[in-house]
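Worksheet: one structure, shown below.
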Number of protein chains: 2
Amino acid sequence: MARVSKTKSADGLPEGGEEKGRSLAGTQTLVRGLEIIDAVSLRPLGLPELAESIGLTRSTAHRLAGTLVEHRYLNFVRGMGYSLGPRILELGYLTARQTSLPRVAREHLEQLAARTGDTVHLGVLEDGQALYLDKISGNRRVEISSRIGERQPLRSTGLGKALILDASEAQWREYYDLEARQGRGYDVDLQLWLRRMREYAKNGYAFDLEENEDRIRCVAAPVRDVSGRIVGAISVSSAAQYMDDMRMHGLTFEVRRASEAISSELGYNPGVDGAAAEGGKRRRTASTRD
Amino acid sequence: MARVSKTKSADGLPEGGEEKGRSLAGTQTLVRGLEIIDAVSLRPLGLPELAESIGLTRSTAHRLAGTLVEHRYLNFVRGMGYSLGPRILELGYLTARQTSLPRVAREHLEQLAARTGDTVHLGVLEDGQALYLDKISGNRRVEISSRIGERQPLRSTGLGKALILDASEAQWREYYDLEARQGRGYDVDLQLWLRRMREYAKNGYAFDLEENEDRIRCVAAPVRDVSGRIVGAISVSSAAQYMDDMRMHGLTFEVRRASEAISSELGYNPGVDGAAAEGGKRRRTASTRD
DNA sequence: CCCATAATCCCAAATCATGAGATAAACCCT
DNA sequence: AGGGTTTATCTCATGATTTGGGATTATGGG
């Protein structure tokens, strides 16, 4: 009977299944173990604090944490307490290896294509260009003429702009100048382009206003990984007749929702700062993938 | 009664606690959950295979895996099965951030210093040099004159050689030539040096045979992280009078044991190939740390 | 040397996980 | 489409497994 006071899951009400309350029943021990990992992940903790923060008795916390230590999910050092262990490092590495951007993105791209009816692209930054990794054609009359594996300029495409949304102003100039020096035609001058980029960066999306190809417009948004870095971008493209300003604005929400869903599956957590806090200004000149 | 048949833990023998058998008692559910993660980490699995491979009933495997999915430790996609989830990516990232090489290495360095009585160093590769991050003085008469933060050449120090043990033959030549061009004196010619490096690389350690400083010898071994890359090295140094050939040979075991212990805490798993399988030849020209 | 704090161990009580089987959903050949 | 097969989800009585109070042992500081 003593137990009842502490357990938070299926205690009082046998009904009440609103909110996020009772997980799948029948896994209290596992869930508590995961809660311990969660607690420790925030900051290393001693046993008493640990037990306290999860709402467990010292006995139970000790037993579960001990098992996690035994399996190398946690480290334990006297006087320092519990911290995340090497097994999690291993698993994280394995996860990263088996979590490839295109595979994770696929279903979200499909949903986005289905909802918008337009052509959807996935791309990454490579050698100062946007590399198209996946494409799902829409169901409009007009077909967008792009191919997987194709490279496009950064400054004039929605996808390209989304890929460099986090770059510094100086880097933006470099990208712009680089493509200018390559002799590509482009009818948006640097100042206007920078002004737009600032706006895009602030809002987390980017447009292509018939800049790259006549009569083609698109809305794009960046995809981030666990470290918060932009590792790719997605876009919705269509003929200008289907893409008036109002629709483009509406699409920013659709596109961002999809890009955020992908980012989330890649481990991105908007709350935790990630790389932004460390590197900030410098960094990122070219390739994003290894 | 039905349960008995499947459970593998405390079934038949009430005694038998040899090998690695019964973990801490009272955590069956947690352990099974971790086993599920282990199984999935090898390769994505469907429910039936999963249940089979752990030796659980479908019901139980389903329930536990469901909980892991709910907590984002696993992904589940129809037709594909379970795979490692984004939460593990997040945790891996957090672990990497709070697992710094010097901190992890400290206690192993101390043990190594205590066991050998000699001076122990920890270093990393930075800008084509060995950077000393930590030092524990031995208890011999002769003091090794090195300081934390100091930089040393790669080709003539044990630590330096250990840091580039994985490099290609071409890269070895580059390192050698680079320091030769810098006008540093060195009395080991390229061919002999390369022959020694091949030998060191094969065995996973490196020597300094009074090459860097007269009358000082040392034994070094590389430290690897979760990706299998060399991220640092440790060494035991002493005056030549305490370091005859036989002792150096004996020390290779001590030093490697310590370096492997550190690597293990950094998530290195000798079994899983890691980066070696992907990149192999090219790569690695300078800095290893970010 | 002794006290305070933290870690570990013990064991009876009963909550909680368990697994067989039933049902539903998805899939896939023909 | 259709029937058969595989896979996913759910239910529930049973008792094995986890639980937590408290005793015991390490640890560390003054």
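Because only heavy atoms are used, hydrogens play no part in the values below, and waters and symmetry mates are left out as well, while side chains stay in. To find a chain, count down the sequence lines: A is the first, B the second, and so on, and within it residues start at 1.
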### Residues A/Asp134 and A/Arg103 bridged, charged N to O under 4.0 Å
no
### Query
Would B/Glu90 and B/Arg72 pass as an ion pair if we require N to O under 4.0 Å?
yes
### Query
For B/Tyr242, is the NZ or CZ atom of B/Arg140 found under 6.0 angstrom from the centre of its six-membered ring and inside 45 degrees of the ring axis?
yes
Among [options], which nucleotide has an atom closest to any side-chain atom of [X]?
X       : options               : value
A/Arg32 : C/dA20, D/dT19, C/dA6 : D/dT19
B/Arg63 : C/dG19, D/dT18, C/dT8 : C/dG19
B/Pro48 : D/dG21, C/dG21, D/dA8 : D/dA8
B/Arg78 : C/dA26, C/dA7, C/dG19 : C/dA26

Without decimals, in angstroms, what is the distance between [X] [atom1] and [N] [atom2]?
X       : N      : atom1 : atom2 : result
A/Met80 : D/dT27 : CE    : P     : 16 Å
B/Arg58 : C/dG21 : CZ    : P     : 11 Å
A/Ile36 : D/dT18 : CD1   : C1'   : 13 Å

Strictly below 4.0 Å: does [X] bring a side-chain N or O up to OP1 or OP2 of [N]?
X       : N      : result
B/Thr60 : C/dG19 : yes
B/Thr29 : C/dT18 : yes
B/Gln28 : C/dC16 : no
B/His62 : D/dA8  : no

### Message
So for A/Thr57 and D/dG21, does any side-chain atom that can act as donor or acceptor lie under 3.5 Å from a complementary atom in the base?
### Response
no
### Query
On DNA chain C, nearest-nucleotide positions of A/Phe76 versus A/Leu30: which is more 5'?
A/Phe76
## Note on the structure
5'-most contact on DNA chain C (nearest-nucleotide basis), A/Tyr82 vs B/Leu64, goes to A/Tyr82
### Task
Verify, without hydrogens or angle tests, whether B/Ser263 (side chain) and B/Ser259 (backbone) share a donor-acceptor contact under 3.5 angstrom.
yes
